[in-house]
Amino acid sequence: MRAPAPTGRGYVPAHHVSWFHHTRSLRIFGISTGGSPLDLAQTVTDAAQQCARTAQAIVQNVEKVLESKHQQVELALAAVVAGGHLLIEDVPGLGKTMLARALAVSVGLSFKRIQFTADLMPSDIVGGPVYNPKDGSFTLRPGPVFANIVLADEINRANPRAQSALLECMEEGQITLDGQTLPLPTPFAVLATQNPIDMAGTYPLPEAQLDRFLIRLSLGYPDADTEAGLIQSQQFSHPISRLQPVCRAGEFERLVAGAHEVSITPEVAQFIAAIVRATRKHPDIRFGASPRGTLGLARMARALSCIRGRSYVDPAVVREVATPVLAHRIIVQGQGAQAKDPHDIIQAILMSQRTPQ
């Protein structure tokens with residue numbers, strides 16, 4: 001039997017302890033870090049609630065464009081807050097592009113869209129030197145990847161050479177052009193879409209590039225009431241044309257900083273590692289997730305906890321984000337109809353893991 005929690009003014013919950021090693025970071029919220037341990041615990045709660053208010057405003061604003069998709073919008077925002085990249089796989093016309101645009105507008109970030117086609121070149125993505133005939137010089141022209149949120153539309157329609165132009169961007173947040181290393185804007189997120197039907201003339205993303213996406217999502221069809229409502233709401237114009245930013249200067253940066261400060265107890269860290277290790281031993285998986293998957297699961301759990309107003313990671317949140325984070329990182333045994341669904345395998349692994357108390 002577990003010992004009852006101590007009571008009294010000096011008690012500090014265990015999940016707040018790691019915050020005390022980072023009290024300086026709370027100053028970015030304009031919150032004093034002085035006083036007793038109990039006062040300091042209250043500042044942690046205040047900072048978490050401030051992050052939750054910012055995140056809720058962003059989610060509600062995006063939902064003006066993408067209705068009845070709260071879970072997907074929340075996960076997409078968490079991926080951007082965590083500094084990750086998002087792969088959206090679904091049939092055409094479900095709002096994949098609108099999700100990316102609405103996120104960028106709501107947060108007040110720069111947005112660029114790249115339509116991936118079979119003849120796309122790496123220089124069309126990252127840019128390159130442009131010849132000036134007047135003086136015979138070359139000027140370095142940055143490509144559309146120099147934006148906070150980059151939409152890589154139908155990424156699997158481009159050839160592997162063009163796809164690989166994103167590898168350095170996504171992993172290192174920089175671009176090497178003409179011998180120069182140029183940093184990308186921060187925050188930086190790639191939101192890529194791909195169509196699971198009409199696969200003729202497409203190039204499947206290699207595992208090395210799939211692994212660089214923090215999560216993979218599917219939006220799915222809207223329910224009947226939402227679909228009927230679209231007829232009225234889009235009679236004269238699309239809601240995206242009326243969308244306005246909801247973040248004031250510095251608010252999104254504070255939200256990102258708050259996600260970094262969300263604590264993970266040693267027990268929850270072991271829980272995360274156990275889930276990922278189980279993907280390497282499962283009989284239906286040929287290759288399991290790498291340590292990048294472990295770190296990605298922790299980052300995503302921190303970010304989602306932060307935008308929900310928590311200063312610590314609950315094991316339930318780890319279970320919630322495990323499938324979006326890990327399903328695209330595993331290679332299953334067999335091919336075609338014989339291969340099991342990666343989502344079902346991850347769910348089975350979660351069922352076999354003991355939840356820490």
Does the distance from a Lys or Arg side-chain N to an Asp or Glu carboxylate O, for Glu267 and Arg354, drop under 4.0 Å?
no

Give me the atom names and distance for the closest heavy-atom approach of Pro324 to Leu75.
CG-CD1, 4.3 Å

Quick one: does Phe213's side chain get under 4.5 Å of Leu205's, heavy atoms only?
yes

Listed partners of Asp341 passing side-chain hydrogen bond (donor to acceptor under 3.5 Å, both in side chains), at least two apart:
His343

For side-chain hydrogen bond (donor to acceptor under 3.5 Å, both in side chains), just list the numbers for Thr176 and Glu168, CA-CA rounded to whole Å, side-chain angles, deciding distance to a tenth of an Å, and then say yes or no.
CA-CA 8 Å; Thr176 302; Glu168 183 182 10; 2.9 Å; yes

Pick from Thr193, Ile88, Ile114: which one makes a side-chain contact (heavy atoms from CB on, under 4.5 Å) with Leu151?
Thr193

Are Val73 and His70 close enough that some pair of their side-chain heavy atoms sits under 4.5 Å apart?
no

Pairing of Glu207 and Arg329 as salt bridge, 4.0 angstrom limit
no

Ignoring hydrogens and geometry beyond distance, is a side-chain donor-acceptor pair present between Asn148 and Ser110 at under 3.5 Å?
yes

Looking only at side-chain N and O atoms, does Ser164 offer a donor or acceptor that is under 3.5 Å from a partner on Gln209?
no

Closest approach of Ala152 to Val190 (non-hydrogen atoms, all atoms of both residues)
CB-CG1, 4.3 Å

Determine whether Pro187 and Phe252 make a side-chain contact, defined as any pair of heavy atoms from C-beta on separated by less than 4.5 Å.
yes

Would you find more than 12 non-hydrogen atoms of other residues, nucleotides or ligands less than 6.0 Å from Tyr131 atom OH?
yes

Would you call Arg254 and Cys51 a side-chain contact if the rule is heavy atoms closer than 4.5 Å?
no

Cluster question for you: counting only ILVMFWY and a side-chain heavy-atom cut-off of under 4.5 Å, with indirect links fine, are Leu140 and Ile125 together?
yes

Report yes or no: do Glu154 and Gln115 form a side-chain donor-acceptor pair below 3.5 Å?
yes

Report the C-alpha distance between Glu89 and Lys96 in whole Å, list the side-chain angles of each, state the deciding distance to 0.1 Å, and finish with yes or no for salt bridge (Lys or Arg N to Asp or Glu O under 4.0 Å).
CA-CA 8 Å; Glu89 191 176 78; Lys96 301 186 293 293; over 6 Å; no

Flag the pair Asp153 and Arg113 as a salt bridge only when some basic side-chain nitrogen lies within less than 4.0 angstrom of an acidic carboxylate oxygen.
yes

Ala76 and Leu86: which non-hydrogen atoms are nearest, and at how many Å?
CB-CD2, 3.7 Å

With hydrophobic residues grouped by side-chain heavy-atom distances under 4.5 Å, do Val321 and Val268 end up in a single group?
yes

Arg319 vs Thr355, side-chain hydrogen bond (donor to acceptor under 3.5 Å, both in side chains): CA-CA, chis, key distance, verdict
CA-CA 9 Å; Arg319 289 185 176 275; Thr355 303; 2.7 Å; yes

By side-chain hydrogen bond (donor to acceptor under 3.5 Å, both in side chains) - contacts of Thr279 (at least two apart):
none

Side-chain heavy-atom pair Leu120, Asn159 within 4.5 angstrom cut-off:
no

Single-linkage hydrophobic cluster Leu243~Val80, side-chain heavy atoms < 4.5 angstrom:
no

Which atom names give the shortest non-hydrogen contact between Arg280 and Thr294, and what distance separates them?
NH2-OG1, 4.0 Å

Contact summary for Lys69 and Leu219, nearest pair of heavy atoms:
NZ-O, 2.8 Å

